[in-house]
Asker: 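This is the structure I want to talk about, given as structure tokens.
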Amino acid sequence: KIIYNPILKELARQLRNNSTKAEIKLWTYLRRGQMYKYDFHRQKPIDEYIVDYFCNKLQFFYEQPYQLGLFGRLKSTLEIGKTINAVPLQLLNIVPGNQTFFTSQKLFDLLNYYEFVTDTYASLHVEHNFNGRFLSRIPMLRKLNLREIVGVKGVWGEISDENIALNTTSNPNSIPLVAPNDKVYYEYSFGVGNIFKIFRIDFNFRGNYLENPNARKFGVTGTFGFHF
């Protein structure tokens with residue numbers, strides 16, 4: 001919950017009603033979730049201040065590739081997020097699951113949709129493409145120019161009692177809100193790429209939280225594309 005001086009509430013309303021032309025123009029781009037569906041507010045009282053524009057969701061994203069010479073390339077993706085205050089389900093950080101047969105580096109391939117919902121989270125995706133370092137040594141496979149790929153994905157998160165109450169009290173039949181706060185959820189995969197020059201297949205294994213309803217221990221996904 002955001003703490004603020006109640007006296008500032010009327011002043012904030014006056015500031016909204018007397019916005020400058022520049023503030024009005026900026027607001028047309030921020031209102032109603034137009035910017036990446038983030039929920040912005042104007043003249044928001046916080047503590048003893050009034051913030052011109054406030055968003056209750058913070059996210060940090062960092063992706064870094066590494067070239068490892070003869071051992072191929074590694075790519076890591078770090079994402080950290082925080083949702084401030086109690087918000088509806090659609091504004092929470094839903095850990096992205098994947099119930100399709102298509103590989104996606106941004107999704108957790110063995111998580112079901114809405115299996116984990118958080119308001120604070122940190123995730124890390126690491127994928128290493130050995131660029132044929134090992135398969136090229138097998139005579140029968142050398143000419144196929146296959147690529148070995150291994151990956152690990154993990155996420156930790158939590159959800160506040162306020163968000164659980166807001167999204168379950170008014171709708172008792174809603175989705176159970178569970179976060180991976182006991183331990184880091186993780187899954188790992190072994191894959192082969194450059195099959196017929198365009199196909200990749202991944203064998204995915206779930207590391208924990210196997211007691212969750214309808215948890216999948218293993219899955220196979222694939223994708224098409226040209227990679228040089």
Side-chain angles (χ1 to χ4, degrees), residues 33 35-39 57-66 72-83 87-131 147-159 163 167 174-195 198-227:
M35 181 174 287
Y36 304 106
K37 297 184 179 180
Y38 289 157
D39 183 28
K57 178 177 286 190
L58 304 174
Q59 285 182 302
F60 171 81
F61 180 88
Y62 180 74
E63 184 175 280
Q64 178 65 52
Y66 301 90
R73 60 186 181 274
L74 182 147
K75 184 172 71 174
S76 62
T77 304
L78 173 67
E79 185 175 345
I80 301 172
K82 170 70 176 179
T83 299
V87 297
L89 177 62
Q90 60 267 29
L91 296 179
L92 292 172
N93 298 302
I94 300 167
V95 180
N98 184 11
Q99 291 181 252
T100 73
F101 293 105
F102 295 96
T103 297
S104 176
Q105 297 179 5
K106 297 181 179 180
L107 306 180
F108 287 86
D109 293 304
L110 293 177
L111 276 184
N112 298 318
Y113 300 139
Y114 291 94
E115 186 169 347
F116 289 130
V117 180
T118 71
D119 53 28
T120 303
Y121 74 97
S123 68
L124 178 66
H125 296 209
V126 178
E127 181 178 280
H128 191 142
N129 188 327
F130 286 95
N131 203 30
R147 304 285 190 262
E148 320 90 332
I149 305 166
V150 298
V152 178
K153 303 175 181 180
V155 61
W156 172 89
E158 60 183 8
I159 184 168
N163 272 313
N167 289 282
S174 62
I175 300 169
L177 302 184
V178 179
N181 58 351
D182 290 337
K183 50 184 175 289
V184 174
Y185 168 82
Y186 75 95
E187 58 186 52
Y188 54 96
S189 63
F190 301 94
V192 178
N194 205 41
I195 301 173
I198 62 171
F199 184 65
R200 165 178 167 173
I201 187 170
D202 290 281
F203 302 92
N204 307 290
F205 301 84
R206 183 169 179 144
N208 53 6
Y209 288 97
L210 299 174
E211 69 280 3
N212 284 10
N214 302 314
R216 293 172 290 152
K217 299 180 181 179
F218 172 76
V220 179
T221 55
T223 186
F224 291 91
F226 293 95
H227 303 281

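Count residues from 1 along the sequence.
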Asker: So, for Lys153 and Phe108, which heavy atoms are closest and what is the spacing to 0.1 Å?
Answerer: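 Nearest heavy atoms, Lys153 then Phe108: CB-CE2, 3.5 Å.
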Asker: Please check this pair: side chain of Asn208 against backbone of Tyr186, looking for a donor-acceptor N/O pair closer than 3.5 Å.
Answerer: yes
Asker: If you take all heavy atoms of Asn131 and Arg147, which pair is closest and at what distance?
Answerer: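 Looks like OD1-NE, 2.7 Å.
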Asker: Around Phe101, counting heavy atoms of other residues, nucleotides and ligands shown, do more than 12 lie under 6.0 Å from its CZ?
Answerer: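 12 or below, so no.
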Asker: Roughly how far, to the nearest 0.5 Å, is the CD1 atom of Ile94 from the CG atom of Asp119?
Answerer: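 Asp119 atom CG to Ile94 atom CD1 measures 12.0 Å (nearest 0.5 Å).
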Asker: Please name all residues satisfying side-chain contact (heavy atoms from CB on, under 4.5 Å) with Asn212, sequence neighbours left out, ordered by chain then number.
Answerer: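 side-chain contact (heavy atoms from CB on, under 4.5 Å) list for Asn212, sorted by chain: Glu115, Phe116, Arg206, Tyr209, Ala215.
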Asker: Which residues satisfy the side-chain hydrogen bond (donor to acceptor under 3.5 Å, both in side chains) test with Lys217, sequence neighbours excluded?
Answerer: none
Asker: Show your working on side-chain contact (heavy atoms from CB on, under 4.5 Å) between Leu177 and Tyr114 and close with a plain yes or no.
Answerer: CA-CA 8 Å; Leu177 302 184; Tyr114 291 94; over 6 Å; no
Asker: Check the surroundings of atom NZ in Lys106: do more than 12 heavy atoms from other residues, nucleotides or ligands lie under 6.0 Å from it?
Answerer: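 No, because the 6.0 Å sphere around NZ of Lys106 holds 12 heavy atoms or fewer from other groups.
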Asker: Below 30° counts as parallel, above 60° as perpendicular, anything between as tilted: where do the rings of Phe205 and Tyr188 land?
Answerer: parallel
Asker: Counting distance only, does the side-chain N/O of Asn112 pair as donor-acceptor with the main-chain N or O of Asn214 below 3.5 Å?
Answerer: yes
Asker: May I have the step-by-step check of side-chain contact (heavy atoms from CB on, under 4.5 Å) for Val95 and Leu111, ending in yes or no?
Answerer: CA-CA 8 Å; Val95 180; Leu111 276 184; 3.5 Å; yes
Asker: Would you find a donor on one side and an acceptor on the other, under 3.5 Å apart, between the side chain of Asn167 and the backbone of Val87?
Answerer: yes
Asker: Return yes if some donor-acceptor pair links the side-chain N/O of Lys75 with the main-chain N/O of Glu63 below 3.5 Å, else return no.
Answerer: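 Flag not set: sc Lys75 to bb Glu63 has no pair under 3.5 Å.
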Asker: I would like to know whether Ile80 and Tyr62 meet side-chain contact (heavy atoms from CB on, under 4.5 Å); could you show each step before the answer?
Answerer: CA-CA 9 Å; Ile80 301 172; Tyr62 180 74; over 6 Å; no
Asker: Could you report the tightest heavy-atom contact between Arg200 and Thr103, atom names first, then the distance?
Answerer: NH2-CG2, 4.2 Å
Asker: Over 60° means perpendicular and under 30° means parallel, so tell me whether Phe199 and Phe224 are parallel, tilted or perpendicular.
Answerer: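 Answer is tilted, since the angle falls between 30° and 60°.
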Asker: Any chance you could lay out the side-chain contact (heavy atoms from CB on, under 4.5 Å) test for Tyr121 and Glu79, step after step, and finish with the verdict?
Answerer: CA-CA 8 Å; Tyr121 74 97; Glu79 185 175 345; 2.6 Å; yes
Asker: Using modelled atom types only, decide if a donor and an acceptor are shared between the side chain of Thr83 and the backbone of Leu92 within a distance under 3.5 Å.
Answerer: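 The answer is no, because no donor-acceptor pair under 3.5 Å joins these two groups.
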Asker: Using side-chain contact (heavy atoms from CB on, under 4.5 Å) as the criterion, list what pairs up with Asn204, not counting sequence neighbours.
Answerer: Asp109, Leu110, Ser189, Asp202, Thr221
Asker: Of all heavy-atom pairs between Gln105 and Glu127, which one has the smallest distance, and what is that distance?
Answerer: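 What the structure gives for the nearest pair is NE2-OE2, 3.0 Å.
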Asker: How close do Thr118 and Ala179 get, counting heavy atoms only, and between which atoms?
Answerer: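 Closest approach of Thr118 to Ala179: CG2-CB, 4.0 Å.
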Asker: What's the separation between atom NE2 in His125 and atom CG in Leu107, rounded to the nearest 0.5 Å?
Answerer: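 With rounding to 0.5 Å, NE2 (His125) is 8.0 Å from CG (Leu107).
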Asker: Locate the shortest heavy-atom distance separating Thr100 from Tyr113; write the atom from each residue and the value.
Answerer: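 That would be CG2-OH, 3.7 Å.
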